[in-house]
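What follows is a single structure, written as structure tokens, with notes after it.
Bear in mind the structure is a predicted one, so any value in this text is a computation, not a measurement.
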Amino acid sequence: MAFFYEEASHTFNEYLLVPGYSSAECIPSNVSLKTPLVRYKASEEPAISLNIPLVSAIMQSVSGDRLAVALAQEGGVSFIYGSQTIEEEAAMVAKVKGYKAGFVRSDSNLRPDQTLADVLALKEENGHSTVAITEEGTPNGKLLGIVTGRDYRVSRMDPTDKIETFMTPLEKLITAPEGTSLKEANDIIWDNKLNSLPIVSKEGNLCYFVFRKDYDQHKKNPMELLDSQKRYIVGAGINTRDYAERVPALVEAGVDVVCIDSSEGYSEWQKRTIAWIREKYGESVKVGAGNVVDGEGFRFLADCGADFIKVGIGGGSICITRETKGIGRGQATALIDVCRARDEYFKETGIYVPVCSDGGIVHDHHMTLALAMGADFIMLGRYFARFDESPTAKVNVNGTLMKEYWGEGSNRARNWQRYDLGGNKKLSFEEGVDSYVPYAGKLSDNVGVSLAKVRSTMCNCGALSIPELQQKAKLTLVSSVSIVEGGAHDVLLKSTNKQV
């Protein structure tokens, strides 16, 4: 007869934190959100730690190179999606590792024979007002000029006007040679009252832009996550099929950590993948594994040598694995079970294997609940898909700006490797949906607000660090009626004239 769990599994929304004693030191500015990313021994420091407990999901619609830079600037890590060619993924990793703080690779580029209509379409697509005009319309082509909002008037010009007739040509631009330091570039910007400064090679090719607005932004990033060479830390997704080719390419590109992207991690396929990495690279290549939903699955992957373990099956907003296959577990219950196993493993072996909670986060306060339940960090998909820096375009849906968001198990992504069980190389049925999420603006603005809530709640619990939160947190299950009581009720809301 099958094994039956006596208790129902629960979601984050069924729990609340009960406040604890807050001392005078418990103010948000004193809270540290630093947390380990990879396994370490009791007497050692982890090889990689996060400055904030957030990482981005291994998804086409979430984790590209732009988001990886933006999240590293805030102190977290992106895992570049693996459902692309090895060459494309390695190129994204290399782009992040080669990114110089303050030096921006141009991603708005056109040719001089294109038109005003092309300028307007490109601005609508990515929101950038500075367009580099190069011979071939490429980011590192021969620079011929730039176009900004000051170069055209839509009301007085024809959409078919050629760019070469209204762009600011190279001879009228102030540029700086390749090798110019960031300080020197900023001095040129301020001395000449520029908004942007093109950095040009001796052959005349565009290398980077330095923007006036980025000077203040760089100063605002004291939490940025850097490696020993002061490059941004970046992760990448791998699968259990082509790891022997993909991992070396990613390592060559400079990746800091890889993660096996799979809907279910308690398998021989993950054991083989980790064993191959350990045999070829020893401990120098850090590899996360998962996903699992119980202590048994955790211990299996920990014994295999995983550097961190992801928890969660079927809890993602675009995931329909539970619906189609009938497997999974409520995210809160799964997380509590796995974190209990992690603590037991640490006591037995002296090795701490961080746990990543993946899925089930709907509201910001769920992040704090996940950390209190034992998660070392949280992987988010829908949350990051809403921002400017995610790879998808903004679209207007019934008058509301949205961004596209689809699951790796959807027909659109067709990431069969993620759901591979050793059979045919195909996706037999969908385990994810294709959807929209409300556009939310810049990553930095939103992450700042979310983590302000986390810090505030931690202070309510009398905790100034994540380990202290996990030690002091008191959690209570709530009933369906108390969930209703916790929101606005029995009033008429002014903003919507809707009674709740």
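The side-chain tip of R386 points at the ring of Y383 from less than 6.0 angstrom away and within 45° of straight on. A cation-pi arrangement is present between K394 and Y439, with the terminal nitrogen or guanidinium carbon under 6.0 Å from the aromatic centre and inside a 45° cone about the axis.
Salt-bridge check for E136 with R111: failed, with every basic side-chain N at 4.0 Å or more from each acidic carboxylate O.
Every side chain to side chain contact (heavy atoms under 4.5 Å, CB included) that I188 has, sequence neighbours left out, goes to I174, A176, N192, L194, L197. Residues meeting the side chain to side chain contact (heavy atoms under 4.5 Å, CB included) test with D151, sequence neighbours left out: V147, T148, F166, T168.
Within the 4.5 Å cutoff, side-chain heavy atoms of D376 are placed close to those of P36. Annotation: side chain of V77 is not in contact with side chain of F377 (no heavy-atom distance under 4.5 Å).
Ring-plane geometry between F384 and F387 is classed as perpendicular, the angle between the planes exceeding 60 degrees on a 0 to 90 degree scale with a lower cut at 30.
Rounding to the nearest 0.5 Å gives a distance of 12.5 Å between CD1 of I361 and CE of M379.
For T85 and E88, the side-chain atoms include at least one donor-acceptor pair closer than 3.5 Å. Checked by atom type, the side-chain pair N205/N140 shows no donor-acceptor distance below 3.5 Å.
Around CD of E171, the count of heavy atoms belonging to other residues, nucleotides or ligands within 6.0 Å exceeds 12.
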